[in-house]
Protein chains: 4
Amino acid sequence: MPKVGMEPIRREALIKATIAEIGETGSLDVTVSKIAKRAGMSSALAHHYFGSKERIFLAAMRHILTVYGRWVRCELGTAKGPRARLDAIIRASFEAGNFEHEVIAAWLNFYVHAQSDAGAARLLGVYHARLRSNLVHDLRPLVGDRAGETAETIAALIDGLYIRHALVAPPDGVAAHARVTRVLDKLLEDT
Amino acid sequence: MPKVGMEPIRREALIKATIAEIGETGSLDVTVSKIAKRAGMSSALAHHYFGSKERIFLAAMRHILTVYGRWVRCELGTAKGPRARLDAIIRASFEAGNFEHEVIAAWLNFYVHAQSDAGAARLLGVYHARLRSNLVHDLRPLVGDRAGETAETIAALIDGLYIRHALVAPPDGVAAHARVTRVLDKLLEDT
Amino acid sequence: MPKVGMEPIRREALIKATIAEIGETGSLDVTVSKIAKRAGMSSALAHHYFGSKERIFLAAMRHILTVYGRWVRCELGTAKGPRARLDAIIRASFEAGNFEHEVIAAWLNFYVHAQSDAGAARLLGVYHARLRSNLVHDLRPLVGDRAGETAETIAALIDGLYIRHALVAPPDGVAAHARVTRVLDKLLEDT
Amino acid sequence: MPKVGMEPIRREALIKATIAEIGETGSLDVTVSKIAKRAGMSSALAHHYFGSKERIFLAAMRHILTVYGRWVRCELGTAKGPRARLDAIIRASFEAGNFEHEVIAAWLNFYVHAQSDAGAARLLGVYHARLRSNLVHDLRPLVGDRAGETAETIAALIDGLYIRHALVAPPDGVAAHARVTRVLDKLLEDT
DNA sequence: AATGAATGAGGATTCATTCAT
DNA sequence: GATGAATGAATCCTCATTCAT
């Protein structure tokens, strides 16, 4: 029973299914058929809406970034003052949802994809730039000129801890957050 | 004219070809045929020596870790005292060879692979444990009990910087090294 | 707002779009969707009007024959006497419109189609019979009993020249016409 | 039981199967799978040897031209003098094998293919040029300067009659040959 | 009248893997 | 030791066609 206005519903279902499927297999070796089946439709329809497997992946990545961005804004909403805001940004990065198996898988594959796919590379660049600019914005009042440099250090530390917790250590957002905070405090001391 | 004692030569050629091929395509979507052709032999022979594609990949990863380990030992060889040794470990991580396109690709794909392949996961665990234990060994004399905690921070920072330099920022081993050193110095101050 | 009396308009649009599309791709590998899009409607509507892809093709071929027939009648309209009428028939075959890229493509595909599609075969038979009977009608007064035989020769020459000019030589209706005329004159000499 | 030196055998089998398959369906809508099955192998092997469907088709066309060329040379072998040689060339064009259903189908599809495929167009050009040059060679002694023009007429007549006999009239190589001869004689009379 | 939604049935192509030689 | 031969099982993608609205 075909309905009207299905497009957004189908697209969303496909994006969710893509992330779930990547999470389950742990790789990008995911077939459009499986994604479509999980989303409750034929693979032909998936192609109809997205045009290609590539585009389905890109949409899924964009979705993950959107969710992440939403979390950052959410955490920032209640934070008062630069130090609290920095804390909020860090907290958003280690929010429990980020350690869902499927989200981890999507991020890692995102990294790999960025090597060969221009669209993915661009998206990843957007994420990096955004994190950096968020950090710089609140570091400036605290460390002045050293804001850029400090932001890069913190950003790298966040990424590194994320990967370690995601892949090897047990995921522990609180511990990760504490560790970044500690370094941040040290770096702020100087001034 | 089949030769005797070709096995190690063939295996090495295949491993090198695998890494080169992964580097070129930027993903694990690499065919055994292409690897074999690059290594100057038939794909059947590649299977003969390694048994399966999985195993070829694993061997390639092991090779990368071996090379990395060799570098660490090399840098450590001339270092005197804990602080100098820590420096050596850090320097080894950002050694120019690690930023070769193909090595980056291999590492990232290594991460992805670790999610679904037990062998790869184990190998990655070995790398992490070794880096940690190396760091701890030389941090203990400097920070005592806080050695473990500090090692994890430094290790994460190394990984995070590596990924950022590998993927987004221009690869700059010297800058990365300086950044880690700076944080390390801060963390050592306390004592 | 669906309109009434759209049927003939839609059908004509589809037929024109079909010919254009065949001309553009140079083959019968033309999708109903593309045809429909070119004709400004959905593929579902195309099916509604024609029932199947086959039938759309047949209609397009019929259209081409109709146009050709119209040209023949048009040229014949002003011709006086058998010799002039023969000339008119020949001229109609090499009329510029016949060398439009899309018409050439349609004709050739028509030939191919006739091998496997009964409807197309019948249509092609009609064309051949009509051309022959037109020629015979005006040859009879000139060559009597040899009219049939002569007609076949002229008809074949027309087809052969058409294909050659359409495919390999540059399309040159005037030259083709002259060549046929020349042969015709020779064949008429005898009497 | 795989053997060595299968390549030429497989290629030939595939070419024959392609022609047969085109003949059976009467169109180029022939699947590689069907061709391969008819040739007694998997479709994967067909791709292994030819690389693509396109290339299989081209090889089949080339084969048809080769066979045709062989016939021409064969007929020319016993012909003495220009007139007899012209006769031989004409006879080769209407040789019974050319009216095999599958050969007809291949030729017609060849024509269609030439519109969109550069390789096919080139091959067709070769055929046309060869026929023309063969004719010119033997017409020169008979009609001098008019050799080119006469050759084109005869060539077109051959093609036209071939198509008509192949598609509509019953295939009758003898009648076709007689008809061309007749026109040829007429055209030679002048001199 | 008109269409977006939906799909089943392929179709070309790729590839890891096996096997006889 | 080494390889060409061979394939089954996918995989992405396309398309004619149907249907509810």
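The figures here come from the full heavy-atom set of this structure, side chains too, leaving out hydrogens, waters and symmetry mates. Since we're looking at a predicted model, the values are computed, not measured.
For C:His47, a side-chain nitrogen or oxygen approaches OP1 or OP2 of F:dT17 to under 4.0 Å. Residue A:Tyr49 places no side-chain N or O under 4.0 Å from the OP1 or OP2 atom of E:dG4. Residue D:Arg10 places none of its side-chain N or O atoms closer than 4.0 Å to OP1 or OP2 of F:dG4.
Of the charged side-chain nitrogens involved, none lies within less than 4.0 Å of a carboxylate oxygen, so that D:Lys34 and D:Glu24 do not count as a salt-bridged pair.
Protein atom CG of A:Asp29 is 9 Å distant from nucleotide atom P of F:dT11, rounded to whole Å. The distance from atom CG of B:Leu14 to atom P of F:dA2 is 11 Å, rounded to the nearest whole Å. Summarising the geometry, the separation between CD on B:Glu21 and P on E:dA16 is reported as 11 Å, rounded to the nearest angstrom. Summarising the geometry, the separation between NZ on A:Lys53 and C1' on E:dT14 is reported as 13 Å, rounded to the nearest angstrom.
Checked options A:Tyr111, A:Phe110, A:Trp107; the residue passing with A:Tyr127 is A:Trp107 (criterion: ring pair (Phe, Tyr, Trp, His ring centres under 6.0 Å)).
Along DNA chain F, the nucleotide closest to A:Glu54 and the one closest to C:Val30 are compared, and the more 5′ of them pairs with A:Glu54. Heavy-atom distances to DNA chain E give each of A:Gly40 and D:Val32 a nearest nucleotide, and the one nearer the 5′ end belongs to A:Gly40.
Formation of a donor-acceptor pair under 3.5 Å by the D:Glu102 side chain with backbone atoms of D:Gly23 is not found in this model.
The listed nucleotides are E:dT7, E:dA16, F:dT7; the one nearest the side chain of D:Leu45 is F:dT7. The nucleotide whose nearest atom lies closest to any side-chain atom of A:Ala44 is, among E:dC15, E:dA5, E:dG8, E:dG8. For B:Ser43, taking side-chain heavy atoms from C-beta onward, the closest of the listed nucleotides E:dT3, E:dT17, F:dT3 is E:dT17.
Note on A:Ser42: a base of the nucleic acid sits closer than 4.0 angstrom, heavy atoms only. Residue D:Ser52 is in sugar-phosphate contact alone, with no base atom involved, counting any heavy-atom pair closer than 4.0 Å across all strands shown. Across all strands shown, A:Phe50 has no heavy atoms under 4.0 Å from either base or sugar-phosphate atoms.
F:dT21: Watson-Crick or G-U partner is E:dA2, with both key distances under 3.5 Å.
Inter-residue side-chain proximity for D:Ile56 and D:His47 is flagged as unmet; no heavy-atom pair is nearer than 4.5 Å.
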